[in-house]
Asks: 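Next up is a structure, given as structure tokens.
Order of listing sets the numbers, starting from 1, for every ligand and every atom in it.
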Amino acid sequence: MGATATRLADDRTRLAPDGVPVLRTELPGPRSRVLLARQEERESRARSYPRRLPIAIRRGEGSFVEDEDGNVLIDFLTGAGVLALGHAHPELVEVIRDQVEVLTHGLDFPTAVKDDFTTELLSLLPERLRAGTRVHFCGPTGANAIEAAIKLCKQATGRGEIVAFHGGFHGMTHAAMAVSGDASTRAAIANTMPGVHFYPFAYCHRCPFGLAADSCDTNCATYLENALKDSHAGMTRPAAVLLELVQGEGGTVIAPPEFVRRVRAVTRELDIPLIVDEVQTGCGRTGEWFASDHYGVEPDVRVVSKMLSGAGMPVAAVLYDQRLDTWHPGAHTGTFRGNQLAFAAGAAFLRIMKRDRVLDNVRARAEQVRERLVSLQHEHRDLIHDVRCIGLMIGVEFDGPRAAALVQREAFARGLILELGGRHDSVVRMLPPLNVAEHTTGVALEIFAEAVGAVRQLPRDDDEEGLR
Ligand code: PLP
């Protein structure tokens, strides 16, 4: 099939024919305000995104969303990195429409649709791994797949402890929280899963050992190696080491290759299964099918979800080495393991990715983004401390949470939806659709630059009202 140019997310947008945001009211507009107020009255205090991005969304198309007041914004949040081909990709919509009339829910019965999807999914792995890989479709969230992966490794090894990393995020269920770095969310919840040991992640911009990058000898890996090999380090041999190669919620922190290589080497040497959480990085987000492809490592277990259906249909899977498959029938059941709409969309999504060479677009847009953000960093060195970009997983680390929150607010007011993450939410994150067009990317980057410029003009004591 031809070049990606004819099939980008934004070529066919009716919402934003000129490829720029259309702001008809101030944000939030009057209709959004009504729904936001009703939501506040009736939904839980745990709601999160609309607090900082206050709109009620009516519809989406490609890289754009329209709110209830007719304002059209560029969406670089895309359902927390879910909408791989943007909102309402016409081919995926058609596939889902066709499937909904045939079969929607299939538990874990085999279906032709699931079989087709499984083939497409396995095709993303290097050929030599396919036959020896088992796929477990679990409950349709990343957290459920993490739970499944932990249970699998505990059962297969007969061990009980898990090694996880500072800054990691793996979901909000009890075990997933227990292996996530953010202790503040865990603080209010007594008795999460015991037996988790946290080790430093090679976050070189904020070195866990307080070292400058040029004096580092991948100490994070040395520390882990020593602890795993030292019989007096207080930990029995763990059931698994659980790693994000690029920490997403942790602030787009890209592990250095040497760190990953050594974690893989020591886990292999000691026969400890390595679980790589590819919930956010998988299916092309980083410019390769899996983040592990950048590093040339083969995990024992991969966890995937988010973009897996390409269209926001919930689905999650654990892909693992068959030697770990000691599970008894029903070892990890769940009612919603058989979403046929997700399987049908997922198979079509992966075919579109290959047909339209979307990974090429991811790499080209990543270069475009990197170049612009690095030049912006040169202009605003005191505000922008680091720019990190691997494929379309993009993070800009600001000098603190205030600047990051204000940039998010100023970008939103100009029609660009961005995410925050990292320590104290000091990182502004972008997760555009993988098929985002060059033009839309350029528009978004100029809005981002304007937002940074506007924050620079704000008095330092700018009231915190808008940041809440
Ligand atoms: N793992 C990673 C790396 C994630 O980024 C997330 C969610 O952001 C999860 C797991 C949890 O996924 P879910 O929110 O679908 O439970």
Side-chain angles (χ1 to χ4, degrees), residues 46-49 76-84 136-153 162 164-182 185-186 189 192-193 196 198 201 203 240-255 260 274-286 290-292 294-295 299 301-319 332 334 336-337 339 342 346 388 390-395 418-423 425 427 429-431:
R47 66 196 189 284
S48 57
Y49 291 107
F76 273 14
L77 172 61
T78 55
V82 159
L83 297 158
H136 182 75
F137 292 106
C138 50
T141 65
N144 192 268
I146 289 291
E147 303 271 342
I150 292 172
K151 284 165 60 179
L152 176 80
C153 293
I162 303 290
F165 290 91
H166 299 181
F169 179 76
H170 303 286
M172 294 299 277
T173 54
H174 258 61
M177 265 173 85
V179 290
S180 296
D182 181 2
T185 50
R186 225 173 25 238
I189 313 294
T192 54
M193 184 181 75
V196 182
F198 286 95
F201 185 85
Y203 183 1
V241 169
L242 169 62
L243 179 65
E244 279 172 281
L245 300 173
V246 182
Q247 292 186 336
E249 303 307 297
T252 317
V253 185
I254 305 161
V260 175
L274 176 65
I275 306 172
V276 169
D277 180 344
E278 297 255 14
V279 167
Q280 195 160 141
T281 50
C283 305
R285 168 63 62 197
T286 65
F290 295 107
S292 57
H294 288 278
Y295 294 91
V301 182
R302 294 167 210 256
V303 180
V304 279
S305 183
K306 284 208 192 267
M307 294 203 299
L308 202 46
S309 74
M313 291 288 133
V315 59
V318 186
L319 280 62
H332 190 80
F336 290 104
R337 285 174 295 154
N339 184 339
R388 298 187 286 268
I390 179 164
L392 287 174
M393 203 162 166
I394 301 150
L418 299 170
E419 163 75 306
L420 294 182
R423 301 295 200 283
D425 276 345
V427 179
R429 304 185 59 219
M430 304 181 193
L431 293 165

Asks: Judged by modelled atom types alone, do Arg388 and Thr252 share a side-chain donor-acceptor pair under 3.5 Å?
Replies: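 Checked: Arg388/Thr252 side chains show no N/O donor-acceptor pair below 3.5 Å.
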Asks: Would you check if Leu319 and Glu278 make a side-chain contact, meaning some heavy-atom pair closer than 4.5 Å?
Replies: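 Leu319 does not reach Glu278 side chain to side chain.
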Asks: Heavy atoms only, cut-off 4.0 Å: how does Asp277 contact ligand 1, side chain, backbone, both, or neither?
Replies: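 Looking at Asp277 and ligand 1, just side chain atoms fall under 4.0 Å.
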Asks: If the cut-off is 4.0 Å to any non-hydrogen atom of Ala143, which atoms of ligand 1 fall inside it?
Replies: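 Matching atoms, with element in brackets: 11 (C), 12 (O), 13 (P), 16 (O).
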Asks: Does Met172 come within less than 4.0 Å of ligand 1, judged by its heavy atoms?
Replies: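 Met172 does not count as a contact of ligand 1 under the 4.0 Å cut-off.
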Asks: Say whether, by atom type as modelled, one donor and one acceptor occur between the side chain of Lys306 and the main chain of Gly142 under 3.5 angstrom.
Replies: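 No; judged by distance alone, with no hydrogens or angles, the pair does not exist.
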Asks: Among all protein non-hydrogen atoms, which one is nearest to atom 13 (P) of ligand 1, and what is the separation to 0.1 Å?
Replies: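 Sorting protein heavy atoms by distance from atom 13 (P) of ligand 1 puts Gly142 N, 3.5 Å first.
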Asks: Run down the list Gln280, Glu278, His170, Glu147 and name the one with the heavy atom closest to atom 10 (C) of ligand 1.
Replies: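 The residue whose heavy atom sits nearest atom 10 (C) of ligand 1 is His170.
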Asks: Less than 4.5 Å apart, any side-chain heavy atom of Glu244 and any of Thr281?
Replies: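 Side-chain contact under 4.5 Å: no.
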Asks: Counting from 1, what ligand 1 atoms have a heavy atom of Lys306 closer than 4.0 Å?
Replies: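 It comes down to these atoms of ligand 1: 5 (O), 7 (C), 8 (O).
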Asks: Do you know which two heavy atoms are closest between Leu83 and Gly312, and how far apart they sit?
Replies: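 Taking Leu83 first and Gly312 second, the nearest heavy atoms are CD2-N, 3.9 Å.
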